Chemist: 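Please read through the structure below; I'll follow up with questions.
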Amino acid sequence: MRIRIPPIGKARLPGDGTCVAGSWKGHRLGRVRVKQLHSWPGSVAEAEAIQERLRLHVELTGPDVFTTVAGLDVHYHGDDALSAAVVVLDAGTLDVVERVVVHGRAAFPYVPGLFAFRELPALVEALERLTVTPDLLVCDGYGLAHPRGFGLACHLGVLTGLPSLGVGKTPFVGTHDAPAPARGSWSPIVLDGTPVGRALRTRAGTKPVYVSQGHRITLDTVTEQVLRLSPRFRLPEPVRQADHLARHGT
DNA sequence: GCGACAG
DNA sequence: ATCTTGTCGC
């Protein structure tokens with residue numbers, strides 16, 4: 001299987017990115033710096049090799065208090081067209097601090113385990129357009145709970161150096177028991193005898209979400225943050241906001 | 001060996 | 001992910 005792909009930072013972005021709103025709450029200004037840690041893979045084997053190499057950069061401990069949190073999500077329109085959104089919230093009040101949407105194209109075919117390569121260029125572009133630097137990235141998908149221990153959340157965390165976590169909506173790798181019915185209960189996702197994430201009940205009477213570490217964060221902190229960011233709905237507020245922005249442009 | 005497999 | 005109706009429940 002041969003694949004031609006645009007390199008990171010050079011993905012086609014027809015329609016150009018759109019900065020929907022700027023920061024207005026006096027947060028410190030800063031720009032997310034994205035490291036160029038690898039060239040763009042031209043095949044499945046190359047993509048897997050990149051994951052095997054970058055996984056060694058993942059750090060599984062880090063801060064447990066965050067001032068601002070960013071939710072990231074991508075919406076697909078037809079074949080390869082997509083819109084990537086990042087919404088930064090005040091971690092305490094959940095007020096919106098900044099929002100960015102960019103329109104582009106999927107940068108890789110969908111291959112389970114290589115999902116990150118589809119969305120990476122557009123998400124990186126959106127992060128680079130932020131005028132604030134979020135303290136935590138809340139990603140739509142998996143982190144450590146991945147066939148090679150390096151899902152989208154790990155990838156974005158390592159490229160930006162920011163703490164990150166992954167929230168999946170459906171099971172992927174490993175096995176788990178159903179968590180107890182009460183909000184806040186969880187059960188471990190086990191892969192090769194190792195706990196790599198948790199099935200977490202963010203709301204009673206609904207399916208759990210599947211959380212895992214991305215970068216510079218512990219699993220306990222991941223669990224705590226996802227619960228705190230999901231006071232009302234199944235999905236954390238930053239991801240819901242990003243989903244809405246990517247979907248409806250507003 | 002075969003199928004299933006984040007979005 | 002996306003294509004799709006109605007329906008039950010808060």
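No experiment lies behind these values; they were computed from the predicted model shown.
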Chemist: Considering only NZ, NE, NH1 and NH2 on the basic side and carboxylate oxygens on the acidic side, decide whether A/R129 and A/E125 come within less than 4.0 Å.
Modeler: yes
Chemist: Test: salt bridge (Lys or Arg N to Asp or Glu O under 4.0 Å). Region: residues 78-89 of chain A. Which pairs qualify, not counting sequence neighbours?
Modeler: none
Chemist: Considering residues at least two apart in sequence or located in another chain, which fulfil the ring-ring contact (aromatic ring centres under 6.0 Å, His included) criterion with A/H57?
Modeler: none
Chemist: According to the salt bridge (Lys or Arg N to Asp or Glu O under 4.0 Å) rule, which pairs have a member within residues 184-204 of chain A, sequence neighbours left out?
Modeler: A/R198-A/D220
Chemist: Reading DNA chain B 5' to 3', how would its secondary structure be written in dot-bracket notation, given Watson-Crick and G-U pairs with both distances under 3.5 Å, brackets [ ] for crossing pairs and | for partners on other strands?
Modeler: .......
Chemist: Below 3.5 Å, can you tabulate the donor-acceptor pairs from side chains in residues 137-145 of chain A to any protein atom, sequence neighbours excluded?
Modeler:
{"residue": "A/D140", "atom": "OD1", "partner": "A/K169", "partner atom": "NZ", "Å": "2.8"}
{"residue": "A/Y142", "atom": "OH", "partner": "A/T170", "partner atom": "O", "Å": "2.6"}
{"residue": "A/Y142", "atom": "OH", "partner": "A/F172", "partner atom": "N", "Å": "3.4"}

Chemist: Has the side chain of A/E237 got a donor or acceptor atom that lies under 3.5 Å from a matching backbone atom of A/V239?
Modeler: no
Chemist: Under 4.0 Å, heavy atom to any atom of DNA chain B: which of residues 212-234 of chain A qualify?
Modeler: none
Chemist: Between the protein and nucleotides 4-10 of chain C, which nitrogen or oxygen pairs come in under 3.5 angstrom?
Modeler:
none

Chemist: Within the side chain of A/R183, is there an N or O that forms a donor-acceptor pair under 3.5 Å with the backbone of A/T202?
Modeler: yes
Chemist: Tabulate atom names and distances for all N/O pairs under 3.5 angstrom spanning the protein and nucleotides 5-7 of chain B.
Modeler:
{"residue": "B/dA6", "atom": "OP2", "partner": "A/Y110", "partner atom": "OH", "Å": "2.7"}
{"residue": "B/dA6", "atom": "N7", "partner": "A/G113", "partner atom": "N", "Å": "3.3"}
{"residue": "B/dA6", "atom": "N6", "partner": "A/G113", "partner atom": "O", "Å": "3.0"}
{"residue": "B/dA6", "atom": "N6", "partner": "A/F115", "partner atom": "N", "Å": "3.3"}
{"residue": "B/dA6", "atom": "N6", "partner": "A/H146", "partner atom": "NE2", "Å": "3.4"}
{"residue": "B/dA6", "atom": "N1", "partner": "A/L152", "partner atom": "N", "Å": "3.3"}
{"residue": "B/dA6", "atom": "N3", "partner": "A/Y142", "partner atom": "N", "Å": "3.1"}
{"residue": "B/dG7", "atom": "OP1", "partner": "A/K169", "partner atom": "N", "Å": "2.8"}
{"residue": "B/dG7", "atom": "OP2", "partner": "A/T170", "partner atom": "OG1", "Å": "2.8"}
{"residue": "B/dG7", "atom": "O3'", "partner": "A/D140", "partner atom": "OD2", "Å": "3.1"}

Chemist: If you look only at pairs with a residue in residues 170-182 of chain A, which of them pass as a salt bridge (Lys or Arg N to Asp or Glu O under 4.0 Å), with sequence neighbours excluded?
Modeler: none
Chemist: Mind checking what makes salt bridge (Lys or Arg N to Asp or Glu O under 4.0 Å) contact with A/E52, not counting sequence neighbours?
Modeler: A/R55
Chemist: Just grab all the side chain to side chain donor-acceptor pair (under 3.5 Å) pairs involving residues 208-219 of chain A, residues at least two apart or on different chains.
Modeler: A/T218-A/T221
Chemist: Do the ring planes of A/H248 and A/H244 sit parallel (below 30°), tilted (30 to 60°) or perpendicular (above 60°)?
Modeler: tilted
Chemist: Which dot-bracket string describes DNA chain C (Watson-Crick N1-N3 plus N6-O4 or O6-N4, or G-U N1-O2 and O6-N3, all under 3.5 Å; [ ] crossing; | other strand)?
Modeler: ..........
